[in-house]
Amino acid sequence: MLAIQITLFSLICLLLALSVYFSFQARREKEPAKRGLYSARMNICMGLMLVLIAITQIFFFSESSFRRIFGTVLVLLGLFNLFAGIRNHGHFDRMLR
């Protein structure tokens, strides 16, 4: 159980760092297509991070209705970010080709 929690924590930290990195890259980029591509990658990382945080909240802490509701909201936000990021990544990737 502890190994799973450490792995999830490590993945959350990695995805947080990637989200920040892609956010800075998107803000520095002059070309709109590349800026959109970096923003899409940031959304994908942020969506995965939110889903992992939700999994941590739902399964690894004490049972409470607030944690369940909070975890469910995070899952929905994470899936929306993931979907939007994948969709936008495909769009901006085609623009660059």
Got a donor-acceptor contact below 3.5 angstrom from the Arg35 side chain to the Lys30 backbone? yes
Are Val73 and Leu76 joined in one hydrophobic group, where the rule is that I, L, V, M, F, W and Y side chains link up if heavy atoms are under 4.5 Å apart? no
Could you give the distance from CD1 (Ile44) to CG (Asn81), rounded to the nearest 0.5 Å? 10.0 Å
Same hydrophobic cluster for Leu37 and Met46, using side-chain heavy-atom links shorter than 4.5 Å among ILVMFWY? no
Measuring from Ile53:CD1 to Leu11:CG, what's the distance to the nearest 0.5 Å? 11.5 Å
Just how far is it from atom OH of Tyr38 to atom CZ of Phe24, taken to the nearest 0.5 Å? 14.5 Å
When you look at Leu8 and Ile55, which way does the side-chain contact (heavy atoms from CB on, under 4.5 Å) test go after all the steps? CA-CA 9 Å; Leu8 284 175; Ile55 289 171; 4.3 Å; yes
Between Ile4 and Phe60, what is the shortest heavy-atom contact and its length? CG2-CZ, 3.4 Å
Group every Ile, Leu, Val, Met, Phe, Trp and Tyr by side-chain heavy-atom contacts under 4.5 Å, then state whether Phe92 and Leu82 land in the same group. no
Find the distance between CD (Glu29) and OG (Ser39) and round it off to the nearest 0.5 Å. 10.5 Å
Any link between Met49 and Phe83 through a network of hydrophobic side chains (Ile, Leu, Val, Met, Phe, Trp, Tyr) touching at under 4.5 Å? no
Between Lys34 and Leu96, does the side-chain contact (heavy atoms from CB on, under 4.5 Å) criterion hold? Intermediate values first, please. CA-CA 8 Å; Lys34 284 187 179 179; Leu96 287 173; 4.1 Å; yes
Identify the two heavy atoms, one from Leu50 and one from Gly78, that lie closest to each other, and give their separation to 0.1 Å. CB-CA, 3.7 Å
Hey, is CZ on Phe80 packed in by over 12 heavy atoms from elsewhere, all under 6.0 Å? no
OG1/Thr72 to CZ/Arg67 distance, rounded to the nearest 0.5 angstrom? 13.0 Å
Roughly how far apart are Met42 CE and Leu18 CG, rounded to 0.5 Å? 12.5 Å
Identify the two heavy atoms, one from Ala54 and one from Leu74, that lie closest to each other, and give their separation to 0.1 Å. CB-CB, 3.7 Å
Would you say Ser23's side chain and Ser19's backbone share a donor-acceptor pair under 3.5 angstrom? no
Closest non-hydrogen atom pair between Val51 and Val75, with its separation: CG2-O, 4.3 Å
Has the side chain of Asp93 got a donor or acceptor atom that lies under 3.5 Å from a matching backbone atom of His89? no
Criterion side-chain contact (heavy atoms from CB on, under 4.5 Å) on Leu2 and Gln5, from CA distance to verdict: CA-CA 5 Å; Leu2 183 62; Gln5 288 178 339; 4.0 Å; yes
If two hydrophobic side chains count as joined below 4.5 Å and joins carry through other members, does Leu48 share a cluster with Leu16? yes
